[in-house]
Enquirer: 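Got a structure here, written out as structure tokens. Questions coming.
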Number of protein chains: 2
Amino acid sequence: MALPREYTQQSCSVARALEVVGERWSLLIVRDAFFGVRRFSDFSAHLRIPRAVLAERLDFLVGEGVLERGTGTRPVYALTAKGLGLWPVVRTLAEWGDTHYGPRGPRRLFTHAGCGGAVDPVGSCSACGQGVPVGDTVMSPGPGFEAPGEGANAVSVALASPHRLLQPLR
Amino acid sequence: MALPREYTQQSCSVARALEVVGERWSLLIVRDAFFGVRRFSDFSAHLRIPRAVLAERLDFLVGEGVLERGTGTRPVYALTAKGLGLWPVVRTLAEWGDTHYGPRGPRRLFTHAGCGGAVDPVGSCSACGQGVPVGDTVMSPGPGFEAPGEGANAVSVALASPHRLLQPLR
DNA sequence: CACAATGGTTCGGTGAACGAACCAAGGTGT
DNA sequence: ACACCTTGGTTCGTTCACCGAACCATTGTG
């Protein structure tokens with residue numbers, strides 16, 4: 001009963017959510033999916049995560065309806081509508097991390113693709129006041145961003161330039 | 001180097017944040033701190049967490065400046081300003097959990113202590129439009145709330161009625 | 001056709017989480 | 001003042017999650 005992902009005694013939505021995304025690596029996989037990572041090998045290369053763990057996590061997230069897997073032997077993984085709902089979680093975590101562990105300011109900036117205004121964690125544009133869908137959000141390197149070094153993987157390199165969220169990397 | 005809480009290869013604020021709060025039980029401890037839980041035994045009773053794990057987590061969160069510990073052999077634990085910054089994370093997680101794993105609607109409602117308006121995950125009051133500090137937020141049972149059963153611990157019982165966030169339970 | 005890329009799966013080792021037991025100090029009641 | 005209870009831990013042996021290395025089958029490319 002006391003399975004490592006579960007919080008069986010908790011009658012609480014935070015616990016229910018953590019049962020899905022609270023395991024080690026899960027939220028980083030979800031984050032990468034928002035950034036447009038789609039392929040097993042790209043998740044693996046970017047996250048430097050053991051392949052067995054990645055496979056298990058992807059399976060589980062697909063099973064919970066957070067991600068969906070394309071067909072074939074070379075499937076792509078994409079966030080479902082349910083998975084898209086995790087953006088405020090990812091974003092608020094990033095903001096907190098930036099504030100307290102980002103000495104040079106935010107690593108990523110998020111702007112509205114249409115008007116260029118800053119998009120807040122729950123998706124409002126500071127310039128035009130509209131709710132901005134995740135897919136209309138452009139992510140750019142911020143002042144705290146560390147450029148990929150020599151020999152960095154292709155995903156890190158691709159994510160080092162402005163890029164729409166959810167846009168597949170390839 | 002590949003310590004279980006760390007994500008050493010990640011140049012990312014989400015990863016930095018998860019290094020602090022991403023371990024099993026940490027975010028639930030933080031959640032409970034928002035609810036006003038202050039004592040070791042109360043965290044232990046409410047979370048049903050192994051005591052060694054709780055002690056280690058509290059130590060770590062204190063070390064990271066998320067919580068502070070009072071003096072004496074019976075210390076109270078309270079969120080620091082840094083810890084308070086995690087409220088949007090906790091709240092957005094709860095919202096996502098409510099949406100997808102709460103068949104009867106939200107388990108908790110959050111209202112502005114002054115005017116009674118609904119408070120959104122980043123702290124805006126829907127009635128008066130003001131930013132609402134966490135401590136001015138009243139948490140009440142919502143439609144999806146499950147009342148504590150027979151023999152439930154005192155913390156669950158205390159949290160079953162409307163209560164200001166951060167207000168110590170005792 | 002040969003080789004590389006891809007998406008896994010298996011395996012043994014290490015460490016985290018677990019429940020049970022123990023312990024020292026402080027608090028409370030008689 | 002003393003005995004007992006409560007509190008906040010700490011220790012310990014067991015189980016399992018995560019890890020890195022190795023292996024493998026299928027597909028894609030030159």
Side-chain angles (χ1 to χ4, degrees), chain A residues 1-10 15 18-29 32-33 37-63 67-78 153-155 168-170, chain B residues 1-10 15 18-29 32-33 37-63 67-78 153-155 168-170:
Chain A
M1 285 301 119
L3 298 180
R5 70 170 55 113
E6 291 173 9
Y7 298 100
T8 50
Q9 303 296 331
Q10 301 296 314
L18 289 174
E19 282 174 350
V20 179
V21 297
E23 283 181 293
R24 184 161 162 80
W25 298 110
S26 294
L27 270 171
L28 291 174
I29 290 168
D32 270 10
V37 180
R38 290 284 177 274
R39 305 295 214 71
F40 187 99
S41 54
D42 284 347
F43 285 110
S44 179
H46 191 229
L47 294 169
R48 302 290 193 84
I49 172 177
R51 312 251 287 279
V53 174
L54 178 58
E56 196 275 339
R57 294 291 184 278
L58 289 170
D59 274 351
F60 182 73
L61 291 171
V62 167
L67 292 174
E68 62 194 354
R69 184 196 272 118
T71 54
T73 59
R74 312 246 167 132
V76 297
Y77 294 87
N153 64 81
V155 180
L169 295 192
R170 45 188 178 175
Chain B
M1 285 302 112
L3 297 179
R5 69 170 53 113
E6 291 174 8
Y7 298 99
T8 51
Q9 303 296 331
Q10 301 296 316
L18 288 174
E19 283 174 348
V20 178
V21 297
E23 285 182 289
R24 183 158 162 80
W25 299 111
S26 294
L27 270 171
L28 290 174
I29 290 167
D32 268 13
V37 181
R38 290 286 176 272
R39 305 293 215 70
F40 187 98
S41 54
D42 284 348
F43 285 111
S44 180
H46 190 229
L47 294 168
R48 303 287 194 88
I49 171 176
R51 309 252 288 279
V53 174
L54 178 58
E56 198 274 337
R57 295 290 185 277
L58 290 170
D59 274 350
F60 183 73
L61 291 169
V62 168
L67 290 174
E68 63 194 352
R69 182 195 275 121
T71 54
T73 59
R74 310 249 166 130
V76 296
Y77 294 88
N153 64 84
V155 179
L169 293 193
R170 45 190 180 174

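Residue numbering restarts at 1 for every chain, and letters A, B, ... go by the order of the sequence lines.
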Enquirer: Can you tell me how far P of dG20(D) sits from CD1 of Ile49(A), to the nearest Å?
Expert: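 Interatomic distance, CD1 of Ile49(A) to P of dG20(D): 10 Å.
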
Enquirer: Rounded to the nearest angstrom, tell me the gap between atom CZ in Arg69(B) and atom P in dT7(D).
Expert: 18 Å

Enquirer: Are Arg24(A) and dC19(D) close enough that a side-chain N or O sits under 4.0 Å from OP1 or OP2?
Expert: yes

Enquirer: Kindly give the heavy-atom pair with the smallest separation between Pro75(A) and Arg39(A), and that separation in Å.
Expert: O-CD, 4.2 Å

Enquirer: Over all heavy atoms of both residues, which pair between Trp25(A) and Pro50(A) is shortest? Give the atoms and the distance, please.
Expert: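 That closest heavy-atom pairing would be NE1-CD, 4.4 Å.
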
Enquirer: Please check if the side chain of Arg51(B) supplies one atom and the backbone of Ser44(B) the other of a donor-acceptor pair under 3.5 Å.
Expert: no

Enquirer: Quick one: Glu23(A) CD to dC16(D) P, roughly how many Å, whole number?
Expert: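 For the pair Glu23(A) CD and dC16(D) P, the rounded distance is 15 Å.
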
Enquirer: Rounded to whole angstroms, how far apart are CD on Glu19(B) and P on dA16(C)?
Expert: 14 Å

Enquirer: Taking only N and O in the side chain of Arg51(A), is any of them less than 4.0 Å away from OP1 or OP2 of dT10(C)?
Expert: no

Enquirer: Just how far, in rounded Å, is C1' of dG7(C) from NE2 of His46(A)?
Expert: 19 Å

Enquirer: Below 4.0 angstrom from OP1 or OP2 of dC18(D), is there any side-chain N or O of Arg57(A)?
Expert: yes

Enquirer: Mind checking Phe43(B) for me? I need base, sugar-phosphate or nothing, with any heavy atom below 4.0 Å counting as a touch.
Expert: nothing

Enquirer: Which listed nucleotide (dG9(D), dT6(C), dC18(C)) is nearest to the side chain of Arg74(A)?
Expert: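 Looking only at side-chain atoms, Arg74(A) lies closest to dT6(C).
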
Enquirer: Measure from the side chain of Thr73(B), starting at C-beta and using heavy atoms only, and say which of dG26(C), dC18(D), dT6(C) lies closest.
Expert: dG26(C)

Enquirer: Round to a whole Å and report the spacing from CG of Leu54(B) to C1' of dT7(D).
Expert: 12 Å

Enquirer: End-to-end bend of the helix from dC1(C)-dG30(D) to dT30(C)-dA1(D) (five-pair axes, 10° rounding)?
Expert: 30°

Enquirer: Taking only the side-chain heavy atoms of Pro50(B) (C-beta and beyond), determine which of dG8(D), dC18(C), dG8(C) contains the nearest atom.
Expert: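 Nucleotide nearest to Pro50(B)'s side chain: dC18(C).
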
Enquirer: Distance check needed: dG8(D) C1' versus Phe40(B) CZ, whole Å only.
Expert: 6 Å

Enquirer: To the nearest 0.5 Å, tell me how far Tyr7(B) OH sits from Leu47(A) CG.
Expert: 9.5 Å

Enquirer: Restricting to non-hydrogen atoms, name the atom on Asn153(A) and the atom on Ala45(A) that form the minimum distance, rounded to 0.1 Å.
Expert: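 Here Asn153(A) and Ala45(A) meet closest at ND2-O, 3.5 Å.
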
Enquirer: Given dG9(D), is OP1 or OP2 found less than 4.0 Å from the side-chain N or O atoms of Tyr77(B)?
Expert: yes

Enquirer: Please check the phosphate of dC19(D) (OP1 and OP2 only) for any side-chain N or O of Trp25(A) closer than 4.0 Å.
Expert: yes

Enquirer: Below 4.5 Å, heavy atoms only, C-beta onward: do Leu28(A) and Ile49(A) meet side chain to side chain?
Expert: no

Enquirer: Using whole Å, report how far CG of Asn153(A) lies from P of dT6(C).
Expert: 13 Å

Enquirer: Side chains of residues 53-61 of chain B: which donor-acceptor pairs under 3.5 Å do they make with residues two or more places apart or in other chains?
Expert:
from     : atom 1 : to       : atom 2 : distance (Å)
Glu56(B) : OE2    : Arg5(B)  : NH2    : 2.8
Arg57(B) : NE     : Arg24(B) : O      : 2.9
Arg57(B) : NH2    : Arg24(B) : O      : 3.3
Asp59(B) : OD1    : Arg69(B) : NH2    : 2.3

